[in-house]
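In what follows, a structure is listed as structure tokens, so that the remarks can point back to it.
Labels below follow one simple rule: chain letters A, B, ... track the order of the sequence lines, proteins then strands, and each chain is numbered from 1. Please read these numbers as outputs of a predicted model, since none were measured by experiment.
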Amino acid sequence: MADTVAGEVSTDDLLAWVRAFARLVEENREALTELDAAIGDADHGANMHRGTTAALAAVDGAPPASPGALAKKVGMTLVSTVGGASGPLYGTFFLRVGTALGDAATATPAEVVAALRAGIEGVVARGRAEAGDKTMVDALTPAVAAAEEALAAGRSWTEALTAAAGAAAAGRDATTAMVARKGRASYLGERSAGHQDPGATSAALLLAAAAETLLGRGAAGST
Amino acid sequence: MADTVAGEVSTDDLLAWVRAFARLVEENREALTELDAAIGDADHGANMHRGTTAALAAVDGAPPASPGALAKKVGMTLVSTVGGASGPLYGTFFLRVGTALGDAATATPAEVVAALRAGIEGVVARGRAEAGDKTMVDALTPAVAAAEEALAAGRSWTEALTAAAGAAAAGRDATTAMVARKGRASYLGERSAGHQDPGATSAALLLAAAAETLLGRGAAGST
Amino acid sequence: MKKLINDPADVVPEALAGIEAAHPDLRVDHANRVVYRADLPRPGKVGLLSGGGSGHEPLHGGFVGLGMLDAAIAGEVFTSPVPDQVLAATKLADSGAGVLHVVKNYTGDVMNFDMAAELAAAESGARVVSVVTDDDVAVQDSTWTAGRRGVGVTVLLEKIAGAAAEQGRSLDEVADVARRVNAAGRSMGVALTSCTVPAVGHPTFELGEDEMELGVGIHGEPGRERVPLAPARDIAAMLVEPVLSDLPFGRGDRVLCFVNGLGGTPLIELYVFYNEVQRILGGAGVEVARSLVGPYITSLDMAGTSVTLLRVDDELLSLWDAPVRTPALRWGI
Amino acid sequence: MKKLINDPADVVPEALAGIEAAHPDLRVDHANRVVYRADLPRPGKVGLLSGGGSGHEPLHGGFVGLGMLDAAIAGEVFTSPVPDQVLAATKLADSGAGVLHVVKNYTGDVMNFDMAAELAAAESGARVVSVVTDDDVAVQDSTWTAGRRGVGVTVLLEKIAGAAAEQGRSLDEVADVARRVNAAGRSMGVALTSCTVPAVGHPTFELGEDEMELGVGIHGEPGRERVPLAPARDIAAMLVEPVLSDLPFGRGDRVLCFVNGLGGTPLIELYVFYNEVQRILGGAGVEVARSLVGPYITSLDMAGTSVTLLRVDDELLSLWDAPVRTPALRWGI
Ligand SMILES: Nc1ncnc2c1ncn2[C@@H]1O[C@H](COP(=O)(O)OP(=O)(O)O)[C@@H](O)[C@H]1O
Ligand SMILES: Nc1ncnc2c1ncn2[C@@H]1O[C@H](COP(=O)(O)OP(=O)(O)O)[C@@H](O)[C@H]1O
Ligand SMILES: [Mg+2]
Ligand SMILES: [Mg+2]
Ligand SMILES: [Mg+2]
Ligand SMILES: [Mg+2]
């Protein structure tokens with residue numbers, strides 16, 4: 001185990017996050033595919049499962065030296081294994097998170113949230129989706145905004161991540177009513193309304209995993 | 001209507017027979033196909049229906065001049081419209097019946113039975129099936145034998161045809177237990193046992209039609 | 001029944017109209033339902049013709065053209081054509097050098113083609129020779145029965161005999177090549193689903209979700225036995241081994257390996273299956289000299305496959321490689 | 001699920017192994033799942049490459065060969081390949097004259113090919129130009145959405161651009177031809193049944209016995225609307241009219257008419273359907289200069305069809321007619 005400074009997010013914390021995300025994806029694999037079958041092509045569960053399994057394998061056992069390096073490795077692995085729309089998007093997300101985190105051995109909660117913000121910007125730059133387009137962006141954006149707000153209001157890291165996970169879930173739920181304007185679901189036009197977006201659903205899992213794990217360590221000294 | 005000698009079989013009698021056969025085939029079309037689906041290729045109903053409809057159309061309205069000519073016309077039409085195994089066989093049957101009947105304006109019951117015998121010989125020459133091979137021969141042969149016996153025993157034309165129809169039905173029923181050695185059902189080997197042969201079934205309809213119609217006229221003066 | 005058709009009774013004539021419209025090299029005699037080469041007659045060339053029930057497309061109409069068939073007769077779905085049709089096609093295909101009838105061994109086909117050959121001899125004096133294919137090892141062979149069905153070898157035979165005819169060989173020589181192909185080829189098939197005959201409207205047989213019909217015919221005839229659904233590698237063994245041991249094919253034999261789709265099976269599955277077949281052949285020391293993978297002799301919408309192996313020598317190979325220009329097989333031109 | 005496969009997870013690599021075994025002219029980079037011409041590199045020739053999710057066979061691997069693609073990348077079933085794969089294929093296809101990426105317009109495909117092009121430029125300096133096909137008129141076109149899907153035109157574009165590349169034209173010229181094809185082509189499809197993704201194991205959507213999905217995509221994406229099952233002639237009108245009015249095609253236009261099978265529909269039905277399509281075109285005064293009928297861009301085992309019309313001029317026609325030698329399209333050689 002790497003040494004960690006109390007209240008800072010370590011490489012192990014990120015690894016725990018990735019592990020939890022992979023587990024949640026595995027548990028929800030069929031559900032993600034069913035959502036994608038309704039308005040897409042029935043592969044989102046398989047895609048995310050292949051990718052998170054590979055990403056975890058790439059960093060488990062011998063984790064990279066820093067949170068930033070780990071995030072980059074995860075991003076590269078996702079790009080190289082997922083394919084489809086979600087591969088470049090989740091891949092870019094983690095690559096940008098990694099770049100933002102740099103080489104530091106640990107990161108403060110504020111640095112982590114800033115890195116997540118950079119990740120979203122990467123997703124938007126690559127996919128050009130706006131809020132309300134019925135994509136993963138509709139879960140990611142409110143989640144990071146909620147974390148930013150919580151930290152700005154001086155709330156704890158635990159509270160910030162819990163707020164983020166809650167906002168992601170709410171954003172995911174909100175996609176049900178939306179008419180898709182990006183991704184495969186956009187081909188359906190009005191018929192896409194009434195179905196929850198698969199990518200927003202996996203994004204909510206990503207935030208749920210964060211709330212479940214990062215806080216375990218980070219919580220200790222952050223308030 | 002052509003003039004007829006009492007007790008003799010006229011062109012109209014043969015026409016009535018063909019009409020009744022066509023009607024029975026129409027009524028049993030699906031049943032014939034289902035039998036063929038079990039041990040063949042699911043077309044016997046369609047084949048016989050196409051053929052008997054065409055044959056009736058060819059002789060209805062303007063019937064040929066003699067029973068023999070009518071039978072030949074029916075045979076030629078069956079050959080030209082049925083296809084499959086049953087087309088050449090039923091076609092040959094009627095062609096041989098027609099040849100045996102010759103040009104005479106009417107035929108005696110004995111002449112008709114002799115012509116049916118010639119018809120069977122044609123079927124066997126073409127298809128080389130023996131008794132017990134699970135084919136139409138298993139209905140046709142006992143039927144004609146029964147008619148021959150009845151006439152030889154001095155029984156009426158009505159009785160002879162009723163016996164023939166009964167023997168055809170019994171022959172048809174007997175095919176259920178048989179293992180096919182000719183036709184498409186032979187590909188199944190032992191698995192063909194337990195299914196009634198479609199061609200024997202249509203042949204029993206042919207004899208039922210004969211009993212139902214030929215006797216109407218022929219009965220009058222034959223006993 | 002979910003089919004892209006109009007009235008089930010019109011499927012055959014409408015499909016022929018589609019073939020004619022799609023392929024400018026071909027003509028159709030609509031009255032007799034014969035697809036034939038637009039460039040007939042070809043004086044001095046032996047006419048090659050085949051036909052049978054419809055529902056096996058591209059067989060036979062899709063194999064009409066230079067280097068293969070001169071004419072193909074379309075019967076009703078799964079029903080052999082009638083003698084009048086065969087006679088009309090024989091006349092079209094006869095350029096004076098005689099006509100070879102390629103007939104699949106089904107009672108109906110054999111009888112109808114025979115009657116047509118008798119009529120042709122009587123009417124026009126055209127010399128007709130018939131070669132009957134009977135390569136399906138799923139069927140017990142016996143002189144007491146109708147014998148074996150003609151299946152996949154028919155495609156290979158039409159190509160190879162077609163090349164021989166195109167070279168200007170005599171009727172007897174072409175017939176001889178055709179008989180050699182039939183003698184050196186064996187096939188067996190499997191169905192994962194039934195087919196649905198348009199005029200019937202429901203599947204010919206019912207197969208459970210976990211069952212398949214081993215040794216099925218190309219008309220939905222039941223096969224050797226109903227067995228549990230299995231992975232492609234096991235199915236490959238179930239088909240290839242009976243085929244290998246029947247001829248028998250042996251170590252060092254060169255073969256043309258034909259993995260056929262029955263109509264409802266997509267190409268991706270055929271390639272997965274072909275991979276298993278060639279692996280087994282490799283293990284048996286049989287060398288695959290040529291291969292053909294695709295739906296060439298189908299059974300309407302049936303899901304399934306068949307494997308045909310043809311033992312080849314240099315001559316058969318060079319005839320196989322010779323140019324062919326038909327809707328379904330084309331190369332070298 | 002009744003499929004001729006082994007483990008659903010192995011379908012793509014095993015199908016590639018089958019393709020490689022069946023086609024001696026082709027090679028497969030198994031690590032990157034790239035099918036490529038055995039005779040690469042071809043110095044001075046623009047490399048033409050395409051790829052996408054698997055499940056559309058013969059697209060794209062079956063179109064690799066002389067006169068068409070140099071390499072094809074196979075993603076997972078219905079999932080675009082990853083940049084690493086595209087990059088590997090780009091290197092294989094690059095003979096110094098640059099590489100054209102033919103990309104079907106799906107968010108995933110576009111992003112993964114873009115990333116690969118960025119990597120290729122950075123790594124090897126290979127010049128890459130992308131042409132995106134987006135011909136599916138079932139999808140509303142809009143700059144606010146992902147735009148239209150790339151479907152049938154992709155096949156025609158690969159052939160025609162392939163011929164241009166084979167003639168030695170420059171990358172910009174080949175890209176220009178490709179863009180002209182995309183601009184002049186429109187498509188629409190219909191599904192009579194769903195497809196079943198191997199890894200999922202059950203149909204992607206449920207269709208009633210009397211329903212069909214109009215405007216369906218090639219990945220089982222739902223279409224424009226679910227409508228009652230109809231006769232072929234009505235379905236032809238439902239597909240051809242939106243296609244005609246979109247470009248729009250007009251009286252006197254010459255077209256290449258491509259009636260495609262979606263995988264589970266047999267050829268006899270495609271010909272019945274083609275007959276209806278060409279009848280409608282005749283009525284509209286559109287001249288069918290060339291036609292293509294068969295399963296060329298499929299959706300696994302989906303029953304259904306799509307119609308693609310491409311407006312052609314003499315140049316496009318002569319490129320279409322130029323020799324091609326691939327597993328799925330071959331003529332003139
Ligand atoms: N342009 C985009 N921007 C952001 N997210 C997108 C975009 N396009 C698609 N997505 C997300 O990707 C998800 C689909 O991922 P997946 O099914 O793995 O890929 P594909 O659509 O290629 O099959 C969608 O549910 C949506 O959330
Ligand atoms: N060699 C034969 N001799 C006599 N009858 C035969 C022979 N072969 C087949 N049949 C009869 O033909 C019937 C099948 O006719 P049909 O289904 O119309 O033709 P096909 O088998 O060509 O599809 C069988 O049930 C059988 O009674
Ligand atoms: Mg998807
Ligand atoms: Mg039958
Ligand atoms: Mg039949
Ligand atoms: Mg996908």
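B/Asp43 contributes atom CG, which lies 9.0 Å from atom CZ of C/Phe78 (distance to the nearest 0.5 angstrom).
Below 4.5 Å, heavy atoms of chain C meet heavy atoms from B/Asn47, B/Arg50, all part of residues 44-53 of chain B. Taking non-hydrogen atoms and a 4.5 Å limit, the residue list of residues 75-103 of chain B in contact with chain C, ordered by number, reads B/Val79, B/Ser80, B/Thr81, B/Val82, B/Gly83, B/Gly84, B/Ala85, B/Pro88, B/Leu89, B/Thr92. Heavy-atom proximity under 4.5 angstrom to chain C picks out B/Arg126, B/Gly127 from residues 123-142 of chain B. Close approach to chain C, defined as a heavy atom under 4.5 Å from one of its heavy atoms, is seen in B/Arg181, B/Lys182, B/Gly183, B/Arg184, B/Ser186, B/Tyr187, B/Leu188, B/Arg191 of residues 179-192 of chain B, taken by number.
Of the atoms belonging to C/Glu76, it is side-chain heavy atoms, and not backbone ones, that fall under 4.5 Å from chain B. Within the 4.5 angstrom heavy-atom criterion, atoms from both the backbone and the side chain of C/Tyr106 approach chain B. With a 4.5 Å cut-off on non-hydrogen atoms, C/Asn32 does not touch chain B at all.
Annotation: B/Lys72, atom NZ; neighbour count of heavy atoms from other residues, nucleotides and ligands within 6.0 Å is above 12. No more than 12 heavy atoms of other residues, nucleotides or ligands lie within 6.0 Å of CD in B/Glu30, so this atom counts as exposed by the packing criterion.
Among C/Thr204, C/Asn112, C/Val139, the residue making the largest number of heavy-atom pairs under 4.5 Å with chain B is C/Asn112.
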